[in-house]
Each structure stands twice: as C-alpha cells, then as structure tokens.
2 protein chains.
Amino acid sequence: MTPPRQRPADRPSRERRRASHSIEAVLGAAVELLDESGEPALTIRGLAGRLGTGVGSVYWYVSGREDLLDRAVDHVLGGVLAEIERHPGTGDPVDELRRMAVTLFDAVVDRPWLGSRFMRNIDTEGNSLRLYEELGRQLLRLDLTPLQRFHAVTAVVGVVVSSAADLGQEPPQAVVDGLVEREEYLGRYATNWRALDPGEYPFLHDIVDAFDGHDDKQQFLAALDLTLNGLRLQAGQRPGPGARTEGP
Amino acid sequence: MTPPRQRPADRPSRERRRASHSIEAVLGAAVELLDESGEPALTIRGLAGRLGTGVGSVYWYVSGREDLLDRAVDHVLGGVLAEIERHPGTGDPVDELRRMAVTLFDAVVDRPWLGSRFMRNIDTEGNSLRLYEELGRQLLRLDLTPLQRFHAVTAVVGVVVSSAADLGQEPPQAVVDGLVEREEYLGRYATNWRALDPGEYPFLHDIVDAFDGHDDKQQFLAALDLTLNGLRLQAGQRPGPGARTEGP
DNA sequence: TCGATACTAGAACCACGTTCGATAATCTGG
DNA sequence: CCAGATTATCGAACGTGGTTCTAGTATCGA
C-alpha cells in the first residue's frame with residue numbers, strides 16, 4: 001500500500017550535513033514565539049521569518065502546523081518530566097501524585113499555550129506518555145484495581161487539563177495590550193455578578209466575594225485535593241488536607 | 001469616547017421588517033453545521049451558503065466567528081438548562097449536583113463541539129452563567145464556606161470540561177471518513193502500549209486491559225465520583241458510590 | 001413623497017497553511 | 001576527481017477563510 005502522503009519530516013535524524021537549521025532550532029524558535037504571544041501567534045511564516053529562512057524549509061522539519069505544535073509541546077514537556085523525575089518518589093503515593101500534578105500545573109501556568117494539548121498524544125511514545133506513566137506508577141502502590149487506577153490517573157490529569165483550559169483562554173486583546181489591567185478585567189466578573197438579582201442568583205451572591213480575590217493556583221489545589229481525597233477514600237486511606245477533621 | 005468599532009450586531013432585537021433571515025435562523029444553521037461536521041466545518045461562507053445569502057448578511061447578525069460560536073453554544077445550552085431545571089431538585093444536594101453534571105456531560109457527548117467553550121462566558125448573563133448558578137445553588141444547602149463552595153463548583157465543572165476536551169478532539173480524518181473503524185483507532189493505543197517494555201512502563205501494562213475496553217461515560221463518572229466523594233468528605237457527609245465500604 | 005433605518009449581497013483585502021518545482025550543498029561510489 | 005543520488009533551502013503560487021467595505025434594496029414614519 002502506498003503511504004497516504006510523503007512525509008520527509010519523519011527523520012532528519014541522521015547527522016545533518018549543513019546544519020544551518022535543525023529540528024532543535026525550529027522547535028526552539030517555535031517555543032519562543034509561543035511563549036511570547038501565545039498559540040495563535042505561531043504561524044509558519046512568522047517562524048520562518050524568525051529563523052531567517054523560507055516557509056519551505058520549515059516544512060522540511062515538520063509536516064505541518066499541527067505537527068509543529070505537538071512537537072513543541074513534547075519539547076517543553078521534556079523539561080517538566082526531568083523536573084518530576086528528579087525527586088525519588090518514595091513517600092506516600094498520593095502525596096507524590098499530588099506533587100507531580102502541581103509541577104505539571106506550574107508548567108502550564110508558565111506556558112498557557114500548553115492548553116489542553118499537553119496530554120493528547122499518549123498513543124505513541126513521547127514525553128506525554130512518560131508523564132502519564134510516571135503519574136500512574138504511584139498508583140501501583142495503592143490497593144486498587146487496574147480499572148480504578150486508570151480512572152484515577154484520568155481524573156488527576158483531568159484536573160490539570162481543566163485548569164489549563166482556563167488559563168489557556170487568551171484574555172481579550174485589550175488586556176494583552178495593557179490598556180486594561182488584568183485586575184480590572186477579572187474584577188468585572190464580580191461587578192457584573194453583584195448587579196444581578198440576588199433572588200435569582202443566590203449562589204453567585206454567596207461566592208462573589210470569594211471569587212473576587214480568587215487565585216488560580218488555590219483554585220487548582222482545591223479541585224485537586226477533592227479528587228485526591230476521593231481517591232484516598234477509595235484506597236482505604238485516611239483523608240488528606242481539606243477534609244473535615246472533627247468527628248460525627 | 002468612541003467605541004472601538006461599530007457593532008451593528010448588537011441588537012437586531014426590535015421587530016424586523018423583512019425577516020427573510022433572523023438571528024434564530026443563523027444560529028439554527030450554525031448549530032446544524034456544527035452538529036454535522038464539527039467546529040472547523042463552521043465557516044462564515046459555508047453558513048452563508050446554507051442560508052442562501054452572502055457573508056455580509058451573516059455579519060449583520062453576529063460580529064464575527066467567535067461571537068457566532070459563543071452564541072451557538074449559548075443557544076444549545078438553553079436546552080440543557082431546561083432539561084436540568086425540569087426536575088425539582090429536592091434530594092441530597094450532592095446527588096443533585098451529580099445529576100446535573102451528568103446531564104451536562106450527556107449534552108457534550110451529543111455535541112462534542114461544545115468542547116471547552118461551554119463554560120467560558122460566565123462573566124455576563126447567559127445560559128452558561130445560569131447553569132453555573134444552578135450547579136452552585138445545590139451547594140448552598142451544604143455546610144461549607146463560600147470559598148469552599150466556589151472551589152467545589154469549579155471542580156465539578158472542571159470534571160465535565162476535561163471530559164469534554166477529550167471528546168472534543170476531532171478523531172483523525174480517516175476515522176471521520178469511515179475508512180478506519182473507531183474501535184480499531186482506539187485499539188491502536190492498547191496495541192502500542194503492549195509493545196512497550198514492561199520494565200519501563202509498568203503502569204501502562206497494568207491498566208492496558210482496562211483501557212482497551214474503556215467507556216467514556218464510565219470514565220467521566222469515575223472522575224466525577226472521586227471529586228464528589230472528596231466534597232462529601234469536606235462537608236462532613238457519608239461517602240457515596242465508589243468509596244471503600246468495609247470499615248477498619 | 002422623502003429621508004432614515006434595517007437589511008441584503010458580494011467583491012475585495014489580507015493572512016494563513018500548504019504544495020511545488022527550481023536550485024544548491026553535500027555525500028557516495030567509482 | 002567526477003557523476004549521480006541524497007539532503008536541504010527557498011519562495012512563488014494556490015486555495016481557503018475571516019473580515020471590511022460599499023453599493024444597493026426594502027420598509028417605515030412623517
């Protein structure tokens with residue numbers, strides 16, 4: 001069978017003869033662009049421009065924009081993985097899992113463009129898959145069924161992903177341009193909510209003050225701990241932080 | 001101050017004189033396109049074509065593609081909200097919350113293009129905000145601080161969002177075209193995983209069988225129940241399904 | 001009847017992803 | 001050292017899509 005289309009982008013892996021460019025250079029520049037101005041700012045032309053080359057050259061190294069994005073994600077995930085693997089990981093499994101999830105979250109805060117892509121390619125070998133394995137490995141030390149373990153990792157990754165999806169949504173252009181303070185932008189939520197009829201929106205009025213000074217990380221940790229406490233409960237452990245301590 | 005740009009799309013709300021088109025017609029057609037072929041299939045030109053009109057007319061009703069997408073989401077969310085509000089909601093608060101989350105999830109299964117957009121616009125009045133309120137209202141009946149309530153709703157919404165992000169990622173074109181079975185496509189994960197070195201990937205080998213026959217809904221419910229059990233624990237309630245039953 | 005408003009329509013502009021063929025640099029075998 | 005093959009570079013050109021603009025048509029109030 002003929003392959004669907006030629007992909008010269010598969011292996012420029014051998015020693016390059018004339019390495020004026022390289023896959024590393026391409027990925028590096030791509031990450032720079034992403035870091036500077038977010039996902040939509042990564043265009044093939046812009047990337048070629050930064051590399052001082054033509055668009056055709058970029059296509060020699062990657063098969064398209066989607067591929068480029070995937071590789072850029074994998075590229076930075078390498079660093080996260082190293083960070084996670086630095087520690088021994090001998091403590092309580094759930095605590096370890098928590099630490100890893102937090103590390104992952106911090107990486108997404110630094111690079112919101114990781115968005116919800118960063119755990120998408122777990123079908124083939126790559127840093128996403130290794131990360132997934134690393135997270136799950138902690139669960140092997142818990143008394144759970146494989147299905148429960150699978151669900152647990154999914155759940156924990158899900159907490160990070162949903163936070164990432166939050167962080168990843170580009171703020172309005174006015175905020176990026178600095179015309180409007182981020183504080184003011186977020187404060188608008190609270191202002192709008194307070195203007196609503198309390199009879200119709202009792203919950204929003206209940207939480208509006210808590211929301212007004214909200215902190216993304218705290219929010220993430222709260223969600224994570226709910227899940228982890230559910231997990232501890234499932235594994236027959238004592239609950240961790242955030243659970244009610246006083247007895248019945 | 002002059003407004004940033006004129007937006008005639010703000011209020012075609014008064015009685016239209018010649019309603020050959022209407023905002024309802026536009027949104028209806030948009031939802032049709034989205035349902036048929038997913039988000040990328042919704043183009044302004046395509047939409048205009050379906051409506052038998054020009055692109056300019058579309059821009060009369062919406063201010064751009066982003067706005068169109070937001071309105072389409074809000075449009076279908078109206079149905080979900082009605083579904084959720086149909087029931088009385090007098091039972092256990094966490095059970096009610098669970099029921100709502102499941103309803104929301106089911107809607108996303110039906111329309112994967114809701115993706116992770118469907119809870120994005122909670123700054124202004126709209127069905128997203130009402131949904132958010134509806135979910136949170138259940139928590140008013142629990143003994144929690146407002147901050148805890150805020151975090152809890154975020155967490156529950158997060159579970160739905162991350163599942164939605166999973167469902168929303170378009171399968172490869174070959175699957176859409178029916179050239180490759182969805183079963184086979186998913187089975188590839190398991191096949192690849194089994195080919196990995198068990199020493200390096202012990203976790204993947206542990207769960208691969210569980211993963212192979214995995215069901216999206218089951219997966220969602222598992223994550224949801226972990227979170228909800230964490231919440232019950234926080235509120236001083238007895239745990240629900242999925243928690244270990246035998247006492248110490 | 002006349003102007004104003006609401007709405008239709010599509011040409012035109014621009015940015016982008018992608019393809020393609022021409023070309024050059026480098027390697028390999030002889 | 002010389003061909004031919006391989007590896008890599010480059011930008012013109014194509015198609016698609018979002019958005020803007022301008023010209024036009026219908027409907028209403030006065």
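Atoms considered below: every heavy atom in the structure, side chains included; atoms not considered: hydrogens, waters and symmetry mates. Every chain is numbered from 1, with letters handed out A, B, ... down the list of sequences.
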**OP:** Would you sort out whether B:I44 and B:Y59 count as a side chain to side chain contact (heavy atoms under 4.5 Å, CB included), showing the intermediate values?
**Re:** CA-CA 9 Å; B:I44 306 290; B:Y59 275 88; 3.6 Å; yes

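- Contact detail for B:W113 and B:A72: the closest heavy-atom pair is CH2-O, 4.1 Å.
- Remark: B:W60 is not in phosphate contact with C:dT8, judged by side-chain N or O atoms under 4.0 Å from OP1 or OP2.
- Between the CG atom of B:L47 and the C1' atom of C:dA9 there is a distance of 14 Å, given to the nearest Å.
- Two residues are said to be in side-chain contact when any heavy atoms from C-beta on lie closer than 4.5 Å; B:F203 and A:E134 fail this criterion.
- At D:dC10, one or more side-chain N or O atoms of A:T53 fall inside 4.0 Å of OP1 or OP2 (strictly under the cut-off).
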Quick one: which protein N/O atoms are closer than 3.5 Å to N/O atoms of nucleotides 12-17 of chain C? Pair and distance per line, please.
unit_1, atom_1, unit_2, atom_2, d
C:dG17, OP2, A:I44, N, 2.8
C:dG17, N7, A:R45, NH2, 2.7
C:dG17, O6, A:R45, NH2, 2.3

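- Comparing the start and finish of the helix from C:dT1-D:dA30 to C:dG30-D:dC1, five pairs each, the helix axis swings through 0°, to the nearest 10 degrees.
- The aromatic rings of B:F211 and A:F150 sit perpendicular, their planes meeting at an angle over 60°, well past the 30° parallel limit.
- Contact annotation: the side chain of A:I23 never approaches that of A:W60 to less than 4.5 Å [non-hydrogen atoms, C-beta and beyond].
- Rounded to an integer number of Å, the gap from CG of B:L51 to C1' of C:dG10 is 15 Å.
- A salt bridge links B:E66 and B:R117; the closest N-O separation between the charged side-chain nitrogens and carboxylate oxygens is under 4.0 Å.
- Of the charged side-chain nitrogens involved, at least one lies within less than 4.0 Å of a carboxylate oxygen, so that A:R137 and A:E133 count as a salt-bridged pair.
- With sequence neighbours excluded, the residues satisfying side-chain contact (heavy atoms from CB on, under 4.5 Å) with A:R50 are A:A29, A:E32, A:L33, A:E36.
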